[in-house]
Engineer: 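There's a structure below that I have some questions on.
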Amino acid sequence: RDITFFTFYLREDEIFCIVRKESKWAIANSKGDFLTPFKFSKIFIQRQDDRDHYNYKLKSNFFLMVLIGGKIGFIKLTVDSYNLVGSIKYESAYYFSQGLARVKYKGKWSFIDATGKEIVNFIYDDLGEYSNGAFYFYRGSIKGYLNRLGQELINYECAKDITDTE
């Protein structure tokens with residue numbers, strides 16, 4: 001058999017299959033059309049709740065994390081196609097949260113938006129999870145907060161106030 005593994009996911013009444021053929025992965029829709037080629041080393045999907053990961057409804061706007069040759073990137077899935085979000089070049093990454101994803105490149109962290117735009121340079125030793133309008137960051141001996149515009153703020157209330165006014 002050429003195709004060795006299927007996993008089904010529901011999204012707005014649409015079934016998507018993450019399919020493995022030999023050692024490569026692809027995505028197909030319920031019509032049997034492949035939306036991606038078999039080029040990914042792995043495809044990861046963000047769980048939306050604690051239900052069985054083989055069958056659950058996804059948010060209408062969702063991203064899949066993909067791996068090619070040890071590098072990580074994101075794709076946005078639509079009913080008939082997929083779009084690469086930025087580049088597949090990251091060493092490590094976290095799923096999107098509130099429209100932003102933390103990504104690591106050449107040993108440093110930054111974050112990208114839903115279009116793949118890198119919001120700040122890769123200068124951070126660590127970025128915490130985006131919460132209440134800011135990331136917690138470490139850059140050398142400096143620590144503080146970073147808002148979604150990429151502005152460093154030492155005081156959390158400042159970070160929250162600036163983000164809330166946008």
Side-chain angles (χ1 to χ4, degrees), residues 7 9-12 16 18 23-27 35-37 39-54 56-78 81-166:
T7 304
Y9 296 98
L10 298 177
R11 177 182 168 252
E12 296 178 351
F16 292 94
I18 297 177
S23 64
K24 298 296 180 187
W25 294 79
I27 301 168
L35 305 179
T36 68
K39 70 177 188 177
F40 302 109
S41 306
K42 189 73 176 163
I43 299 174
F44 303 93
I45 191 162
Q46 184 173 6
R47 293 186 60 169
Q48 303 297 327
D49 56 33
D50 292 327
R51 292 188 290 168
D52 180 357
H53 69 281
Y54 292 108
Y56 58 89
K57 186 168 181 156
L58 300 171
K59 292 180 180 176
S60 59
N61 241 350
F62 70 98
F63 300 87
L64 300 171
M65 193 182 301
V66 295
L67 184 69
I68 295 179
K71 299 297 180 187
I72 299 169
F74 294 93
I75 58 174
K76 183 175 181 180
L77 194 60
T78 64
S81 66
Y82 79 99
N83 295 310
L84 182 62
V85 177
S87 301
I88 299 177
K89 68 177 186 180
Y90 304 112
E91 301 158 13
S92 185
Y94 289 90
Y95 289 110
F96 278 86
S97 174
Q98 299 179 39
L100 301 171
R102 294 176 284 165
V103 291
K104 186 177 187 181
Y105 181 66
K106 294 185 178 179
K108 298 293 183 176
W109 289 90
S110 180
F111 60 95
I112 61 172
D113 66 14
T115 68
K117 179 182 175 192
E118 295 165 357
I119 305 300
V120 295
N121 292 329
F122 287 88
I123 60 172
Y124 297 96
D125 298 311
D126 194 19
L127 282 178
E129 185 175 340
Y130 186 76
S131 178
N132 296 318
F135 292 97
Y136 189 77
F137 76 82
Y138 286 97
R139 184 170 47 84
S141 62
I142 299 170
K143 57 184 175 179
Y145 294 92
L146 189 65
N147 69 14
R148 69 183 302 118
L149 299 176
Q151 299 167 321
E152 286 185 8
L153 304 159
I154 303 305
N155 182 317
Y156 177 74
E157 287 305 316
C158 282
K160 188 172 185 237
D161 290 345
I162 288 173
T163 303
D164 288 345
T165 61
E166 298 165 3

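Being a predicted model, the structure only gives us computed values, none of them experimental.
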Engineer: Given 3.5 Å as the limit, does a donor-acceptor pair link the side chain of S110 with the main chain of V120, or not?
Structural biologist: yes
Engineer: For the OH atom of Y94 and the CG atom of L100, what is their distance to the nearest 0.5 Å?
Structural biologist: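 Between Y94 OH and L100 CG, I get 15.5 Å after rounding to 0.5 Å.
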Engineer: In this structure, which one of R139, K104, E91 forms a side chain to side chain contact (heavy atoms under 4.5 Å, CB included) with W109?
Structural biologist: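 The single option meeting the side chain to side chain contact (heavy atoms under 4.5 Å, CB included) with W109 is K104.
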Engineer: Nearest 0.5 Å, what's the CG-CG distance between L35 and N83?
Structural biologist: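 Between L35 CG and N83 CG, I get 11.0 Å after rounding to 0.5 Å.
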Engineer: Calculate, to the nearest 0.5 Å, the distance between atoms CD1 and CE belonging to I43 and M65 respectively.
Structural biologist: 12.5 Å
Engineer: Is atom NZ of K143 surrounded by more than 12 heavy atoms (other residues, nucleotides or ligands) closer than 6.0 Å?
Structural biologist: no
Engineer: Between F74 and I112, is there a side-chain heavy-atom distance shorter than 4.5 Å?
Structural biologist: yes
Engineer: Please check if the side chain of R148 supplies one atom and the backbone of Q98 the other of a donor-acceptor pair under 3.5 Å.
Structural biologist: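 Indeed, once roles are kept as given, a pair shorter than 3.5 Å links the two residues.
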Engineer: Checking N147 side chain against L149 main chain: does a donor-acceptor pair fall under 3.5 Å?
Structural biologist: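 Answer holds: yes.
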Engineer: Are there over 12 heavy-atom neighbours, none belonging to F44, within less than 6.0 Å of that residue's CZ?
Structural biologist: yes
Engineer: With Y124, which of Y136, Y105, F137, F111 fulfils ring-ring contact (aromatic ring centres under 6.0 Å, His included)?
Structural biologist: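 Exactly one candidate clears the test, F137.
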Engineer: Which residue in the set I72, I75, I68 passes side chain to side chain contact (heavy atoms under 4.5 Å, CB included) when paired with I88?
Structural biologist: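 Result for side chain to side chain contact (heavy atoms under 4.5 Å, CB included) with I88: I68.
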